[in-house]
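Everything below concerns the one structure shown next.
As the structure is a prediction and not an experimental result, all values here were calculated from the model. Per chain, numbering begins at 1; letters A, B, ... match sequence-line order.
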There are 2 protein chains.
Amino acid sequence: MPRHVARPSLATVAVRVGVSTATVSNSFNRPEKVSDTVRSKVLAEAARQGYAGPDPAARQLSRGGRTDTLGLLLTEELPLAFTDPAAVAFLQGLAASCQGAGQNLLLISATSNSDASDAVRAAVVDGFVVYAVRADDPHLQRILDRRLPTVLVDTPAPTDAVDWVGPDDRAGARELAEVLIEQGHRRIGAITAGLRGARYSGPAEHRSSADLPASIHGSRIQGLRDALGAAGLDDLPIEERPENTHAAGADALHALMDRRPDLTAVCVLMDVMAIGALAAARDRGLDIPGDLTVTGYDDIPQAAAAGLTTVSQPLTDKGRIAGELYLSRRAGGPSRRRVLPTHVKVRSSSGPPRC
Amino acid sequence: MPRHVARPSLATVAVRVGVSTATVSNSFNRPEKVSDTVRSKVLAEAARQGYAGPDPAARQLSRGGRTDTLGLLLTEELPLAFTDPAAVAFLQGLAASCQGAGQNLLLISATSNSDASDAVRAAVVDGFVVYAVRADDPHLQRILDRRLPTVLVDTPAPTDAVDWVGPDDRAGARELAEVLIEQGHRRIGAITAGLRGARYSGPAEHRSSADLPASIHGSRIQGLRDALGAAGLDDLPIEERPENTHAAGADALHALMDRRPDLTAVCVLMDVMAIGALAAARDRGLDIPGDLTVTGYDDIPQAAAAGLTTVSQPLTDKGRIAGELYLSRRAGGPSRRRVLPTHVKVRSSSGPPRC
DNA sequence: CTGAAAGCGCTAACAC
DNA sequence: GTGTTAGCGCTTTCAG
């Protein structure tokens, strides 16, 4: 009866062919250093045993070299990353950089599930790019602990040991609010996603600035408050939803307008939600922008079609630059910080308040 | 002067703390099996040395276990994958499956560059999903060689040793052409992307069926020919472009209509190109669908907004199912084949020919 | 051109 | 609790 067959390896092939493991290794990795006869025997035996070639992990270990893989930590819910056009544009830029340098991209599925939480520790990568997570995200901490070259994107930098790229979200939001105030708006509200990072849904204005979690959402709220404060306004009702979706945006708009029918402008801090909010506002029978101005943030491709006034930033470039920072990282060099330009793109969803 | 400092490892930490490597290992992996005193000493020393924890590759080797990582082979140009909404929808579905199972996703950048061509061999993964590559793609062959659980998507299956999911592209295209013929169209043209896989740009009708490369594009062309043949029509001018972009679609439409102004319908076999072609047709002053019917394939979200008649398939589900097939793969089990439903979605870009 | 042997850094049994 | 000792599967000098 058939003996227990060991999983094929360099050694099992070597022994059957009657050569050393070194020769088998060479047959696969440096064909020119092996005679054709031996090589073909090796390959034949390998095929017979179903041996697919050197094990990547073992290879990695003994070579001790680079993995040519970049780890990408995305928002908690991986699928959502593909739902948000802003994230997709970012990925596209990052992929372009990686592809050019022959780097693979490992998408780390950062579930809050603690079991899988060491996906970061187990990742066989040369470094990381972290996209749009909160400064207090536990995965981010683990990444920092690994002390590999790391680039933070749309993430407040908890340390200056890493490179950083992103827009000045606070300034962008401030400029947006200034435009609205300039147009005559005095009662402005905001809709945001995941301010607390938790699954919270509801009003969120009762948070002090210091209490704002370290996230892009917090920065954007700060920016709005900056502008309002400068104009002597201190009322900013905020409605928060956990997910950045059309439905959540619509839902939040209804909740906010039910609470505060007097608002003349609503700043939605993510474009996807903003587009949903825009539709919801029309559903309420509001004339846009006569009765209500609605604005977004990010300027995703769909924003133009929707006529959405929004804060524009170079999404794809952001990805490309993140890749370039990562690739050009030199050991011991100082950390670099690239602030991307931002500007308010005025479209048909905004205008002076009617009254 | 400072002696050469070895890269920190379990051993370097162990020796300085005066414990065994096993204890250090346990401190990191099974805290409960180590006394608090020892553990904190270990952690302190590790921090001092800048030791980030067990090396993933070595860990992987000795555990001999799973990597919890799925390798995804995409079309040659990775960034393009994020440009095509059909691919993004697929990724979203796949990511949802992966996330649920705590699997990471390694995007393999399959450059034609032969240097990087063993990215497949070097990938530390438990298996592969292959999306939309040609049957004769060399990377695909390498993946098959690794004999890991593999799922093919939108890729003709060169072997039945792997699982497969996709629509019946040939049938979908045939049904589309039947609808057009039914409406009275007799002179139909086609626009396709990368039929040859090469960087070819130009007419492509002079290829026998047998010669059609094994790709979804080939299947779709086959489908059109099936329907035309059944109706006694044998003329199918084809214009090919290497990339699936709006610009390429527009360009191809102009080229095709310059050659064959008599056409009453053009089947563009990818939605992104189709939307570009639609715009180009209008630019030529053609009335849609009076002067010309233009159709697409895939039914990406933007198709509805563009009023594009197209062949619809469940894009996100395709990704989800690919993930499920992969996750439910049992050694030695028979390969499975999931054919997705397809149906023609008639919108405003198609109609009976005017004349 | 081929072989022998020393690790790469870690984990898993077992002992103590 | 903690230490010892084998490997995991491969690459790499260095001889022959």
Side-chain angles (χ1 to χ4, degrees), chain A residues 5-43 45-46 49-67 118 121-126 146-148, chain B residues 5-43 45-46 49-67 118 121-126 146-148:
Chain A
V5 181
R7 185 150 69 90
S9 70
L10 272 195
T12 66
V13 173
V15 71
R16 298 233 20 161
V17 179
V19 297
S20 76
T21 57
T23 299
V24 178
S25 174
N26 280 332
S27 301
F28 280 96
N29 299 316
R30 277 191 285 270
E32 74 280 7
K33 313 209 75 171
V34 172
S35 73
D36 280 2
T37 9
V38 172
R39 187 171 123 84
S40 58
K41 270 188 201 151
V42 168
L43 263 30
E45 176 59 20
Q49 291 189 19
Y51 177 65
D55 177 280
R59 193 161 206 258
Q60 176 63 29
L61 216 209
S62 62
R63 304 245 306 313
R66 18 191 317 96
T67 63
D118 44 21
R121 273 183 38 199
V124 184
V125 298
D126 295 331
R146 282 195 60 177
R147 312 210 184 185
L148 292 173
Chain B
V5 180
R7 184 151 69 88
S9 69
L10 272 196
T12 64
V13 174
V15 70
R16 298 232 22 160
V17 179
V19 298
S20 75
T21 58
T23 299
V24 179
S25 173
N26 280 333
S27 302
F28 281 97
N29 300 315
R30 276 190 285 271
E32 73 280 8
K33 314 210 73 171
V34 173
S35 73
D36 280 2
T37 10
V38 172
R39 188 172 121 83
S40 59
K41 272 188 199 151
V42 167
L43 262 30
E45 174 61 18
Q49 292 189 18
Y51 177 66
D55 178 280
R59 190 161 208 258
Q60 175 63 29
L61 218 209
S62 63
R63 303 243 310 310
R66 23 194 310 98
T67 64
D118 43 22
R121 272 182 39 197
V124 184
V125 298
D126 295 331
R146 282 194 61 177
R147 311 208 185 187
L148 293 173

*Please tell me which of A:Val34 and B:Arg59 maps to the more 5' nucleotide of DNA chain C, matching each residue to the nucleotide holding its nearest heavy atom.*
A:Val34

_Rounded distance (Å) that lies between atom P of D:dT11 and atom CG of A:Asp55_ = 9 Å

*What distance separates B:Arg59 CZ from A:Leu61 CG, expressed to the nearest 0.5 Å?*
13.0 Å

*Heavy atoms only: give me the nearest B:Ser27-B:Arg39 pair and the separation to one decimal.*
O-NH1, 2.8 Å

*asked:* Which is more 5' along DNA chain D, the nucleotide nearest B:Ser62 or the one nearest B:Val38? Just name the residue.
replied: B:Val38

*With sequence neighbours excluded, tell me which residues meet side-chain contact (heavy atoms from CB on, under 4.5 Å) with A:Ala122.*
none

*To the nearest Å, give me how far apart CD (A:Gln60) and P (D:dC10) are.*
14 Å

*side-chain contact (heavy atoms from CB on, under 4.5 Å) with B:Ser35: which residues, sequence neighbours excluded?*
B:Thr37, B:Val38

*Are the side chain of A:Gln49 and the backbone N or O of A:Thr12 linked by a donor-acceptor pair below 3.5 Å?*
yes

*Closest approach of A:Gly50 and A:Pro8, non-hydrogen atoms and distance?*
O-CG, 4.0 Å

*Nearest whole angstrom, please: distance from the P of D:dT5 to the CG of B:Leu10.*
17 Å

_Expressed as a whole number of angstroms, how long is the span from A:Leu61:CG to D:dT11:P?_
11 Å

_Interface limits on DNA chain C, where chain A has a heavy atom under 4.0 Å of a nucleotide atom_ = C:dC1 to C:dG9

*Please list, chain by chain and in numerical order, all residues satisfying side-chain hydrogen bond (donor to acceptor under 3.5 Å, both in side chains) with B:Arg66, sequence neighbours excluded.*
B:Asp68

_Side-chain donor/acceptor of A:Arg121 to backbone N/O of B:Pro56, under 3.5 Å_ = no

*Passes side-chain contact (heavy atoms from CB on, under 4.5 Å), B:Val17 versus B:Val24? Steps please.*
CA-CA 9 Å; B:Val17 179; B:Val24 179; 5.8 Å; no

_Secondary-structure string, 5' to 3', Watson-Crick or G-U under 3.5 Å, | for another-strand partners, for DNA chain D_ = ||||||||||||||||

*Does B:Thr67 use its side chain to pair, donor to acceptor, with the backbone of B:Asp126 at less than 3.5 Å?*
yes

*Answer yes or no: does atom CZ of A:Arg146 have more than 12 heavy-atom neighbours from other residues, nucleotides or ligands under 6.0 Å?*
yes

*Among residues 18-30 of chain B, which contact DNA chain D at a heavy-atom distance under 4.0 Å?*
B:Gly18, B:Val19, B:Ser20, B:Ala22, B:Thr23

*Most 5' of B:Ser35 and A:Pro54 on DNA chain D, judged by nearest nucleotide*: B:Ser35

*A:Lys33 NZ to D:dT13 P: how many Å, rounded?*
10 Å

